[in-house]
Participant: 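Dropping a structure here in structure tokens format, bear with me for questions.
Both ligands and their constituent atoms are indexed starting at 1 by order of listing. Below, all heavy atoms of this structure are taken into account, side chains as well, without hydrogens, waters or symmetry copies.
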Amino acid sequence: MARPTRSPPLTDPSVGPSSLRASLVIVLLVLAFTTLYTLHTLEQVRDNTVAELDTVTELGEKSIDHYLGLLQTSLHGLTQELQEAAPRAGQYDLNKVRRYGARHPELVDVSLIDRHGQVLVVSRKQADNRLPSVGQQANFIEARDAMDGGVDFVLGRPVQGALSGRWVLPLRYAVRDAQGQLHAIASAYLPVELMQTFWQDAPIMKRAAIGLLGDDGYLRSRYPVPGDQTPAMVYGERRRGALYRHLQAQHFPQQGATQGVNQIGGTENLNVFRRLTHYPITLFITLPMTELYRVWWHTVRTSYFLLALLLGGLLLAQRIARRRQRELYLQQQQARSAQTRLAAIVESSDDAIISHNLDGRLKSWNPGATRLLGFSESQALGQPLDLIVPSDLAADEARHLSRVRQGERVERIETQRLHRDGRRIDVEMSISPLCDDRGEVQGISNILRDITARKTAEQAIHVLAYFDALTGLPNRRQLMDRLALTLDEAQRLQSVGALIFIDLDHFKDVNDARGHAVGDAVLCHAAATLTQLLRKGQTVARLGGDEFVVLAPALGQDLASGASTALRLAEQVRNELAQPFELDGQPYTHSASLGLSLFPFGQQTPADLLREADTAMYQAKAAGRNRLAFFEVGMQTHIEDRLALENELAQAIPQQQLQLHLQAQFDAEGRVDGAELLLRWQHPERGLVPPDRFIPVAEKTGLIIALGDWVLQQACALLVGLRARGLNTPLSINVSPRQFRQPDFVQRVQAVLADTGAPGCGLVFEVTEGLLIDDLQETVSRMQALAELGIRFSIDDFGTGYSSLVYLKRLPLYELKIDRSFVQDTPGDPNGTAIVRMILSMAKHLGLRVVAEGVETQAQVDFLVSSGCDALQGYLYARPTPAWAWLEAQAAQPPAPETPPETPAETSPETAVPPPH
Ligand SMILES: Nc1nc2c(ncn2[C@@H]2O[C@H](COP(=O)(O)OP(=O)(O)OP(=O)(O)O)[C@@H](O)[C@H]2O)c(=O)[nH]1
């Protein structure tokens with residue numbers, strides 16, 4: 001494992017200056033943008049408003065200028081009329097003034113005033129007919145001064161009528177003499193309300209006001225007049241507000257706009273103005289800035305709303321991003337500290353913690369791994385995993401790794417790893433996948449724990465628990481375990497095994513005479529001797545003291561064969577133990593008594609079996625020691641006898657103890673129609689051994705092959721003898737399945753026929769139905785091969801096996817032999833009779849000859865002959881006779897005998913029974 005390196009400390013980006021800076025930048029940007037936008041839009045709104053109001057002032061100026069022009073022209077007309085009609089200066093036709101006043105009802109008090117201010121005439125009738133003087137009135141004086149300066153028309157500042165109390169605009173026109181000197185002034189008053197009607201329909205904005213401001217600083221008109229202002233306040237005072245100050249300062253410019261605090265209302269207003277073309281008056285529209293702002297707000301509020309949304313969104317996004325960063329920071333911090341902790345744990349762990357990539361190259365290696373496996377980190381890293389995996393465990397390892405590659409974990413398995421010095425170390429191993437963020441397996445980690453000490457302890461415990469300390473052999477516990485398993489298996493497979501209980505004879509004496517140590521050595525020697533005798537699957541155990549047990553399973557498939565093998569094994573054990581040996585140069589001999597029990601029997605338990613063998617061993621001790629005893633009563637004798645028979649049968653052929661007997665078969669007329677050869681064993685001590693005793697032994701031991709060959713030889717020789725004597729009697733011999741199935745059976749038969757010169761057609765091979773069951777195909781082809789040599793086939797003991805027309809049809813058969821058990825049942829037993837009839841009918845149907853075996857009574861003969869049986873064989877006709885003697889007897893008889901042959905001297909009395917007719 002690479003050493004943990006100190007990583008630079010993590011800083012929380014969500015609380016750092018950069019985060020604050022980011023927020024600040026956003027806010028500043030938005031503020032800057034907002035300001036610029038505000039200024040820009042405000043300016044736009046202002047420009048638009050100014051443009052809009054300017055259009056209105058332009059129109060207003062034209063119409064008011066025109067209107068005043070009309071008034072001026074009208075008054076000019078009056079003055080011309082007065083001048084032209086005056087015979088001399090000052091002698092004016094005052095009626096013209098009155099008539100003019102009557103024609104212009106919109107004008108209040110049309111009058112003519114002399115230059116001193118004395119009213120000469122006034123259009124409106126005065127109550128007392130007195131004409132006042134206005135010579136002291138400021139606006140008269142101002143007008144006269146202006147007219148003296150050459151101005152003809154003066155639109156004076158508003159005044160309140162002395163009589164009407166109405167505020168009016170004085171219009172004055174100069175009446176001059178022939179020299180152009182001012183002589184009189186024609187006056188008319190225009191009510192300010194009349195002027196206001198001009199503006200009522202003007203397209204100006206709500207809360208805006210429109211008006212006319214004279215260069216003298218007095219308003220000529222204003223619409224509307226705010227409710228808190230009296231006409232005197234509006235028209236009677238000289239203006240001091242921003243507009244007038246601006247006009248004054250700018251020397252009354254033609255047009256323009258200015259902003260400032262208004263005198264009326266005291267509000268900050270935008271003033272747009274245009275000077276009348278022909279009069280010293282400026283038309284203005286004044287609009288409170290609040291109205292402008294309102295319009296501006298109306299224009300921009302959607303944008304501000306969107307902007308606010310944007311800002312809110314940005315701040316929210318930034319807040320979320322900050323939170324994310326914080327979470328990430330915390331996660332990283334946790335991961336970092338977990339990593340540090342893990343690295344420390346890995347570093348200090350006693351376990352080997354290693355990892356490798358998917359190609360099996362080692363990627364990390366902790367000090368624990370160095371301690372456990374001897375390789376330093378630098379020696380191990382980059383090396384293949386095989387460095388530490390024993391080659392015989394590579395397949396296991398590959399299996400584990402393929403599971404881990406699928407994402408599984410392999411937990412706490414016990415295995416071994418290679419140390420640098422080549423030792424194998426027992427380890428407990430857990431393997432886990434190392435996955436990337438997406439869960440893909442990128443590597444594999446191994447945690448290896450040294451379990452050598454535990455294994456050694458387990459081993460020691462196991463040895464103590466299951467092995468005998470002195471001899472190292474399995475002890476009683478282990479024996480009982482194995483016995484239980486073996487017994488189960490034997491019961492399942494139905495194979496016979498044996499348990500041999502061995503107790504050394506007089507072992508106590510060894511201890512007493514030579515000491516315990518020598519006694520121990522003797523026990524070890526016995527253990528070694530027994531171990532050497534063991535075959536695969538067999539167990540020898542020491543129960544304690546001088547008691548040993550040999551467990552030998554699967555000695556045979558049946559009791560007889562199992563028992564005889566067990567007996568041989570036990571004899572061998574006894575023999576070997578009885579062999580003299582040396583200990584420290586001293587010769588020793590000892591013997592042992594053996595008890596033998598076979599299994600499985602019924603519900604035998606391991607304890608039963610051990611007790612039985614023990615009991616048998618005590619019998620052996622009681623019988624004089626150095627011997628063996630079977631637990632089963634009578635079995636020993638039986639087995640011993642059978643073993644002896646096996647040995648003796650092997651000698652029977654070379655010692656010419658076998659004989660061939662012959663039993664003739666007769667046809668319905670009592671003529672010899674054939675003969676069956678029967679094997680007899682004439683034992684020197686046992687006398688005549690019956691075939692049912694030695695044939696099974698021969699079958700089991702394989703001696704049947706040799707016996708079969710001998711019989712075939714003899715039969716052929718006999719056949720040749722018969723033919724030499726002019727007899728064609730066919731001879732039947734029994735062929736055992738084992739003999740028939742020899743791979744070279746056909747060749748052997750062929751060779752014997754050739755050797756002896758016997759004709760194949762003189763031989764009938766009797767086979768049992770059992771032969772036909774296994775591998776029918778092979779049987780058929782072999783029979784056909786033999787049939788080609790002329791040999792015919794007969795099914796022996798027909799009816800006791802698996803009769804089936806299927807195979808009967810397929811076989812090259814010559815005859816069927818009805819088993820004696822059915823023949824004996826005829827004609828009395830209806831079942832037997834029915835079976836025999838059925839066989840006869842079937843044989844007839846298949847065209848086969850039928851021979852009835854075991855015919856003993858005339859009633860049977862009568863039944864069989866009447867039922868169509870072809871040949872009869874049995875004691876009623878002839879007992880088995882030594883074959884060569886029979887041959888001689890046959891040769892001596894005249895040919896074509898009508899009656900069955902006389903039985904030879906040694907035959908039984910039954911053979912003398914007269915033949916059936
Ligand atoms: N040397 C030695 N002797 C042992 C050990 N365990 C038991 N013995 C002795 O073995 C002897 C067993 O004797 P037995 O089998 O009862 O009697 P025996 O002398 O063999 O006589 P038989 O069995 O009747 O032929 C006893 O004297 C035990 O003390 C051992 O581990 N070592």
Participant: Among all protein non-hydrogen atoms, which one is nearest to atom 24 (O) of ligand 1, and what is the separation to 0.1 Å?
Facilitator: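 The answer is R625 NH2, 2.7 Å.
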Participant: Checking side-chain polar atoms at under 3.5 Å, does Q416 have a donor or acceptor matched by the opposite partner on R424?
Facilitator: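 On atom types as modelled, these side chains qualify, holding a pair under 3.5 Å.
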Participant: Would you verify that at least one protein heavy atom lies under 4.0 Å from atom 16 (O) of ligand 1, or report that none does?
Facilitator: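 Looking at atom 16 (O) of ligand 1, one finds that no protein heavy atom lies closer than 4.0 Å.
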Participant: Determine whether R611 and D614 satisfy the following criterion, salt bridge (Lys or Arg N to Asp or Glu O under 4.0 Å), listing intermediate values before the conclusion.
Facilitator: CA-CA 5 Å; R611 197 177 49 250; D614 194 16; over 6 Å; no
Participant: Which bit of K621 is near ligand 1, meaning a heavy atom under 4.0 Å away: side chain, backbone, both or neither?
Facilitator: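 K621 to ligand 1: side-chain contact only, backbone stays beyond 4.0 Å.
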Participant: For atom 29 (O) of ligand 1, state which one of L523, V518, N511, L504 supplies the nearest heavy atom.
Facilitator: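 That would be N511.
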Participant: Can you tell me if R403 uses its side chain to pair, donor with acceptor, with the backbone of L401 under 3.5 Å?
Facilitator: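 A pair under 3.5 Å: no.
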Participant: May I ask you to identify the nearest protein heavy atom to atom 27 (O) of ligand 1, giving residue, atom name and distance to one decimal place in Å?
Facilitator: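 Of the protein heavy atoms, K508 CG, 3.4 Å lies nearest.
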Participant: Can you list the atoms of ligand 1 that are under 4.0 Å from a heavy atom of G519?
Facilitator: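 Numbered from 1, ligand 1 contributes 1 (N).
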Participant: Please write down residue, atom name and distance for the protein heavy atom closest to atom 12 (C) of ligand 1.
Facilitator: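 The answer is D546 OD1, 3.8 Å.
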Participant: Should R568 and E571 count as an ion pair when the cut-off is N to O under 4.0 Å?
Facilitator: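 Looking at R568 and E571, the cut-off is not met.
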Participant: Closer than 4.0 angstrom: is that true for some heavy atom of M617 and an atom of ligand 1?
Facilitator: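 Under 4.0 Å: no for M617.
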Participant: Hey, which atoms in ligand 1 end up nearer than 4.0 Å to a heavy atom of D503?
Facilitator: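 This gives 15 (O), 23 (O) as the contact atoms.
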Participant: List ligand 1 atoms under 4.0 Å from D505, heavy atoms only on the residue side.
Facilitator: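 Near D505, the atoms of ligand 1 are 25 (O).
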Participant: Is the F581 to H590 ring centre distance short of 6.0 Å?
Facilitator: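 Yes, close enough.
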Participant: Which residue holds the protein heavy atom closest to atom 18 (P) of ligand 1, what is that atom called, and what is the gap in Å?
Facilitator: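 Looking only at protein heavy atoms, the one closest to atom 18 (P) of ligand 1 is F507 N, 3.6 Å.
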Participant: Quick one: which ligand 1 atoms are inside 4.0 Å of a heavy atom on G545?
Facilitator: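 Reading through ligand 1 atom by atom, the close ones are 6 (N), 7 (C).
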Participant: Between D468 and T471, is there a donor-acceptor pair closer than 3.5 Å when you use the side chain of the first and the backbone of the second?
Facilitator: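 Yes, D468 side chain to T471 backbone: donor-acceptor pair under 3.5 Å.
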Participant: Checking side-chain polar atoms at under 3.5 Å, does Q379 have a donor or acceptor matched by the opposite partner on S376?
Facilitator: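 Note: Q379 and S376 side chains meet the donor-acceptor criterion.
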Participant: For the residue pair Q655 / Q657, report whether a side-chain donor-acceptor contact shorter than 3.5 Å exists.
Facilitator: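 Checked: Q657/Q655 side chains pair up, N/O donor to acceptor below 3.5 Å.
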Participant: Please state which protein non-hydrogen atom is closest to atom 32 (N) of ligand 1 and give its distance, to 0.1 Å?
Facilitator: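 Here the nearest protein heavy atom works out to D520 OD1, 2.6 Å.
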Participant: Would you check, one step at a time, whether the test side chain to side chain contact (heavy atoms under 4.5 Å, CB included) holds for R412 with M429?
Facilitator: CA-CA 5 Å; R412 304 178 66 145; M429 175 170 73; over 6 Å; no
Participant: Of all the non-hydrogen atoms in the protein, which one sits nearest to atom 30 (C) of ligand 1, and at what distance?
Facilitator: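 For this ligand atom, the closest protein heavy atom is R542 NH2, 3.6 Å.
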